Amino acid sequence: LIGQQDIKNFFLKK
Amino acid sequence: MFEAKLTEGLILKKIVESIKDIVTDVNIDISPSGISLQAMDSSHVALVSLNLSMDGFEHYRADTNMVLGVSIANLAKVMKLADNNDQITLQADQEATHLKIIFENPKTERTTEFNLNLITIDSEHLAIPETEYSSVVTINSGEFSKICKELFSLSETVQITTNTDYVQFSVEGEVGSGQVRLGHNDSEKKEDQTILEVSESVQQQFAIRYLNMFNKASTLSSFTRLCLHQEQPLVVEFKIDNLGVLKYFLAPKISD
């Protein structure tokens, strides 16, 4: 099974 | 007061077409040095980032920073009013409630004006960290589009592998499995070139559906730049000559 990661996990909130 | 005039209005039309399937409502950031926007798709898989420098405009004036909230679907509808040869001017007052868009064709003397209502968007602005990408692949944008399009008919997911010798796009599905492999090619014909800059090999999986959406921007640039780093999102980059850059970030898939 392949899961899709959330793009927000990679960036910081400003 | 904000006013920007782009002689080659078609570029703006193409930009809007290239992002309208990914993002819906977008805050456009106006600054004295240029125009930028950043937005995620509704499922938080991809992020679009656009930067246009004031230097690329025939005329540019922005007295202060401003945020213009725009429905991209509606902006795309307005852009349909533009002829491919039109010059486009964008205008907004301070505390504006609408963005005035003017299309002018100096040859046919036709002028079209539209006041697009602005909306308030509560969107998160994310900080994208500076990343030294371990693999950068520069590939003809038409060729990359075609590879993604054809592979999507065979599988939903593509595995991208880079090393110093080649970049490989491989799929595995009900139909079977296979790969397209492109080696470093610095042939004299610039459009045929594939440039590999690999300091560390990368292997990641991505949803092809998104790559196909990004590739709508292939009409903006002859080359697509893929920037990869293990455990980081893929960056699919289209340079817009003398004006700026359109970047798409795509989160990798992981095997559970």
Side-chain angles (χ1 to χ4, degrees), chain A, chain B residues 22-23 27 29 36 38-49 67 122-131 133 155-160 170-173 203-211 213-214 227-236 247-256:
Chain A
L1 273 173
I2 299 173
Q4 175 63 60
Q5 296 187 80
D6 190 322
I7 194 87
K8 280 164 80 176
N9 293 346
F10 300 95
F11 300 130
L12 305 163
K13 278 184 191 177
K14 255 189 187 172
Chain B
I22 304 167
V23 293
N27 276 331
D29 296 304
S36 64
Q38 187 201 87
M40 275 184 291
D41 79 301
S42 59
S43 52
H44 297 173
V45 173
L47 182 139
V48 176
S49 162
V67 177
D122 186 19
S123 76
E124 283 176 281
H125 203 88
L126 301 170
I128 302 167
E130 282 287 317
T131 305
Y133 290 95
S155 172
E156 285 179 7
T157 304
V158 63
Q159 178 164 285
I160 305 182
S170 48
V171 291
E172 205 180 313
Q203 189 170 72
Q204 287 179 309
Q205 301 186 88
F206 299 100
I208 307 177
R209 193 167 73 84
Y210 281 90
L211 297 175
M213 289 194 272
F214 303 165
C227 304
L228 297 109
H229 197 280
Q230 206 67 42
E231 315 295 334
Q232 287 294 317
L234 164 72
V235 189
V236 181
K247 290 182 190 181
Y248 300 92
F249 295 81
L250 180 61
K253 287 183 156 195
I254 38 162
S255 299
D256 287 342

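Values reported hereafter were calculated over all heavy atoms of this structure, with side chains retained and with hydrogens, waters and symmetry mates removed. Quick note on labels: first sequence line is chain A, next is B, and so on, each numbered from 1. It should be emphasised that the depicted structure is a prediction, and the values quoted were computed from it without experimental measurement.
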> Atom CZ of A:Phe11 and atom NE2 of B:His125: how far apart are they, to the nearest 0.5 Å?
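These two atoms lie 11.5 Å from each other.
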> I need the minimum non-hydrogen distance between A:Asp6 and B:Ala251, along with the two atoms involved.
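Scanning both residues, the minimum pair turns out to be C-CB, 4.2 Å.
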> For B:Glu156, which residues count as a salt bridge (charged side-chain N to carboxylate O under 4.0 Å, His left out) partner, sequence neighbours excluded?
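So B:Glu156 forms no salt bridge (charged side-chain N to carboxylate O under 4.0 Å, His left out) with any residue.
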> Could you list the residues that satisfy side chain to side chain donor-acceptor pair (under 3.5 Å) with B:Gln204, not counting sequence neighbours?
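So B:Gln204 forms no side chain to side chain donor-acceptor pair (under 3.5 Å) with any residue.
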> About how many Å separate CD of A:Gln4 and CD of B:Gln205, when rounded to the nearest 0.5 Å?
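Here the interatomic distance stands at 10.5 Å.
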> Are more than 12 heavy atoms, taken from residues, nucleotides or ligands other than B:Asp122, located less than 6.0 Å from that residue's CG atom?
no
> How far apart are the closest heavy atoms of B:Leu47 and A:Ile7, and which atoms are they?
CB-CG1, 4.2 Å
> Examine whether an atom of B:Glu231 lies under 4.5 Å from a heavy atom of chain A, and if so say whether it belongs to the side chain, the backbone or both; otherwise answer neither.
backbone
> Under 6.0 Å between the ring centres of A:Phe10 and B:Phe249?
no
> Verify the neighbour count for atom CD of B:Gln230: are there more than 12 heavy atoms of other residues, nucleotides or ligands below 6.0 Å?
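More than 12 heavy atoms, drawn from other residues, nucleotides or ligands, come within 6.0 Å of this atom.
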